[in-house]
Each structure stands twice: as C-alpha cells, then as structure tokens.
Chemist: 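Structure in structure tokens, see below.
In what follows, residues are counted from 1 in the order of the sequence shown. These figures come from a predicted structure and were not determined experimentally. All ligand and atom numbering here is 1-based and tracks the order in the structure.
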Amino acid sequence: MPTLPLPPSLVATLPGRYYTDPDLFRTEQERVFERMWFCAVRSSDLEKPGAFRTVQVGRESVLVTRSRTGALNAFLNVCRHRGARLCTEEQGQVRRTLRCPYHAWTYDLDGALIAAPDLARMPDFDRSAYGLVRVALREWLGYAWVCLADEPPSFEESVRAAAVERLGDSAAIDHYGTEGLALGKRITYDVRANWKLIVENFMECYHCATIHPELTDVLPEFAEGYAAQYYVGHGVEFGDEVQGFTVDGSAGFGTLPLVPPERDRRYYAVTVKPTVFVNLVPDHVILHRMFPLAEDRTVVECDWLYAPEVVASGADVSRSVELFHRVNVQDFEACERTQPAMASRAYRDGGVLVPTEHHIGIFHGWLREQLDADQPPFRRPA
Ligand code: FES
Ligand code: FE
C-alpha cells in the first residue's frame, strides 16, 4: 500500500505496530516505566504499620509498605534467598514482619532480614547484605511515587514542575489540597488496549462531541473539540445552567477551601507523564493511575477524592462519580475498539492527527526519544 504525503496541516500518528508489538512494549517497560517516576499507591490506602500493596511497575513487582515509624517504604517484591515473590497478594496487612512463603526468611517493615531457619548454622552469613532491595519513593498529591532507576531523575523537575507549569499559575494544583482529600470512590478498569491509546485519547477532545454527551453538557466548550484534556490550564467553564460537576449538572459539594473564586465553576486537567491524569474541579479531584500490563492490556485505577468531611458525613457522591465514570467507560470503549485495528494492514503506516491533536505528535516524539535513547534491543525499521 503506497503512503501518500500528508498535507502540512496534518501529522502522522505512530505506525500500528507500536500498539501491538510485545518487543516494543518490553522496551517501553525498560526505558519508560522503569526509568521515570511512577505513581503507585494512594498513601492513605496504607494506613497502619504493616499495611502493604504490590504494584506492577515495568517488569517488576514493587512492594509498598507502611513501616512502624509511619513512613512508607518501597522494595522489589523478591525474596533475597531463592527469589520467590515475597507478597503474593495485591494488598494486605501484616503485624510486624514480612515472611516469605517459600522457606520463611523474614524481613522487618524496613526491609532488613531479621530471621531465617537454620541461620545459626551459617555463622559467616552477613544478614545485613540480604535485606530487601529498596526502591526510591516520594510522596506527592497524597500518592506514593516510585522510581526503579539506579539514579532517579529529579522528582521536582520531571514530575512536579512539569505538571505545575502546564497548569499555568504555579500554585494551581496546590489549591486543591489533593494530599489531604479523602477517597470517596475508586473504580478499577481493566482495559484491553495499549497504554498509549489511553494517553492519546485523554490528550485530545476531538472525540468529546461524539462520545461524551454528559461531559459536554457540563462543559460546553468541550463540544467544540478545541480544548485538549492533555492540559486544561485556562479552566473550562461550566455551562450557565450547571451547578456542579455531576452527571446531571446538579450541585456538588461546594468548593474546596483553598480554591480561589476565579477557579470556581471551572475544570482543569493535566497529564503527568507517563501514566497519570489529574482532573481538578471545585469540589473534588479525579486522579487516574495507569498500570500497563501488556501491549494490549492496561489497568486503570481512578480515584474520586473529596474533602474529608464530605466522605465522613456519608454524603451521596454517586452523581458526582457517575459523570467521570461514564466518561471513562466511553473513552475506554473507544480505546478497545481501536486496539484490534492497530494490527490491521490498513494502519501499518499509522493514521493522521488533525490540528487539534497535534500535541499528540509531541507525545509521540517524546516516546520515540525514550525508545531510541540507546540502540538495541528495539530498532525502528528503515
Ligand atoms: Fe524466600 Fe526461600 S525464596 S525464603
Ligand atoms: Fe474522552
């Protein structure tokens, strides 16, 4: 099939195999997810010492635990004896120690090896050299972010500043006090699509008029398709009749205490590369974390976060949750419809990006840079 040159107003997408090739996905795991800061766990999910959660980051299982001092720790979820997976559950609570289910090597909550059967018969064995392998961890927005790189990039520059800059006013994201909000609802979506289809979908609003009737009722500007959800730094105004960011436009829960009047009745959003979307509305924050598991499978955890008193009061958040839940379902169905077509010969050379989607081309350029940073194992065909 011949490739025709595109008119200058259009930009080519990535070729289809970027979404289907397991080798390419492996390279992304190594050069994107295992090198960058990755948003892993809501800190408040690990409330008490001994609470743990395991998450997939690139090719590694990472164990995040709350220590006895109250700090969060992250470790590779691998026993130092013969390499068994230490915690096999996705989440749980231990009393004081993490005990390997294979031969019972036992670690404290700071990762130190404290006991092993028959240790007395190995007087030369240096226990201190066989603690769990620690993973870098930072907390921001009430989440534990982890980084598997030997030398993690600056969190300030690569995560915080990048998000803050796109939202314009440097303190914008801080107005929402996300770290102090309480979880009102979490929905986990198992999406049969490549992670990039989900990012790209979130980066454009060309589709909003077609597939998001409820969202465009609340945010009429989105029906024009111009606003990119990639970052909505100017704040999209609610429609005139709309009282709150809810599925039927009915009132929400007022305004979070630090949100200034000029930000009331507006929606802001930002993508934090590689796998986080943050949506800011006057009375709550919606935060998506993606876990790319295979070239055609991505789990997305979406948290709806409210003022603690709203959640404590038992208020009905369902109309508020329903709006973005519908948006999520509509978006993920579109991604799942697209995924099988990525393997079609019709998409061998990719598709096109219209002018309102051009910033997706910047994302593709960034991704290619990461993949090409050093040469093998992934090589683009000539
Ligand atoms: Fe964990 Fe043996 S592999 S104790
Ligand atoms: Fe959408």
Chemist: List the atom of C208, the atom of F222, and the distance in Å for their closest heavy-atom pair.
Modeler: CB-O, 3.4 Å

Chemist: If you count the atoms of ligand 1 from 1 in the order shown, which ones are under 4.0 Å from a heavy atom of W105?
Modeler: 4 (S)

Chemist: With a sphere of 6.0 Å drawn around OH of Y102, does it hold more than 12 non-hydrogen atoms of other residues, nucleotides or ligands?
Modeler: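 Counting neighbours around OH of Y102, 12 or fewer heavy atoms of other residues, nucleotides or ligands fall under 6.0 Å, so no.
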
Chemist: Any cation-pi pair here, R42 with Y143, using under 6.0 Å and within 45°?
Modeler: yes

Chemist: For the residue pair H103 and H81, categorise the inter-ring angle as parallel (less than 30°), tilted (30 to 60°) or perpendicular (more than 60°).
Modeler: perpendicular

Chemist: At a threshold of 2.8 Å, where the distance has to be below it, does the Fe ion (ligand 2) have an N, O or S atom of H207 nearby?
Modeler: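 Within the cut-off used here (under 2.8 Å), H207 does place an N, O or S atom near the Fe ion (ligand 2).
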
Chemist: Cation-pi check, R266 to F238: give yes when NZ or CZ is under 6.0 Å from the six-membered ring centre and within 45° of the ring axis, no otherwise.
Modeler: no

Chemist: Is the contact between A116 and ligand 1 made by the side chain, the backbone, both, or neither, using heavy atoms and a 4.0 Å cut-off?
Modeler: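 Answer for A116: neither.
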
Chemist: Is the distance between the Fe ion (ligand 2) and the nearest N/O/S atom of H212 smaller than 2.8 Å?
Modeler: yes

Chemist: Identify, by atom number and element, the atoms of ligand 1 in contact range of C79, meaning under 4.0 Å from any of its heavy atoms.
Modeler: 1 (Fe), 3 (S), 4 (S)

Chemist: Should you measure from each heavy atom of C100, which atoms of ligand 1 turn up under 4.0 Å away?
Modeler: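 Within the 4.0 Å cut-off of C100, ligand 1 contributes 1 (Fe), 3 (S), 4 (S).
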
Chemist: Answer yes or no as to whether an N/O/S atom of H81 is found below 2.8 Å from atom 2 (Fe) of ligand 1.
Modeler: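 For H81, the answer is yes, given that an N, O or S atom comes within less than 2.8 Å of atom 2 (Fe) of ligand 1.
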
Chemist: Taking atom CZ of F155 as the centre, report whether more than 12 heavy atoms of other residues, nucleotides or ligands fall under 6.0 Å from it.
Modeler: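 Atom CZ in F155 is crowded, with more than 12 foreign heavy atoms closer than 6.0 Å.
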
Chemist: For F253 and W304, what are the C-alpha separation, side-chain angles and deciding distance, and is it a ring-ring contact (aromatic ring centres under 6.0 Å, His included)?
Modeler: CA-CA 13 Å; F253 301 99; W304 282 260; over 10 Å; no

Chemist: Within the 4.0 Å heavy-atom shell around R82, which atoms of ligand 1 are there?
Modeler: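 Close to R82: 3 (S).
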
Chemist: Check ligand 1 against A104 and write out every atom of the ligand that is under 4.0 Å from a heavy-atom position of the residue.
Modeler: 4 (S)

Chemist: Between H103 and atom 2 (Fe) of ligand 1, is there a contact where an N/O/S atom of the residue lies under 2.8 Å from the metal?
Modeler: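 A backbone or side-chain N, O or S atom of H103 is under 2.8 Å from atom 2 (Fe) of ligand 1.
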
Chemist: If you check every N/O/S atom of D331, which is the one nearest the Fe ion (ligand 2)?
Modeler: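 So the atom name we want here is OD1.
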
Chemist: Here's a test for you: under ring-ring contact (aromatic ring centres under 6.0 Å, His included), which of Y189, W195, F324, F202 qualifies with F332?
Modeler: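 Testing F332 for a ring-ring contact (aromatic ring centres under 6.0 Å, His included) against Y189, W195, F324, F202 leaves exactly one candidate, Y189.
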
Chemist: Going by the order shown, which atoms of ligand 1 are within less than 4.0 Å of some heavy atom of A84?
Modeler: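 It comes down to these atoms of ligand 1: 3 (S).
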
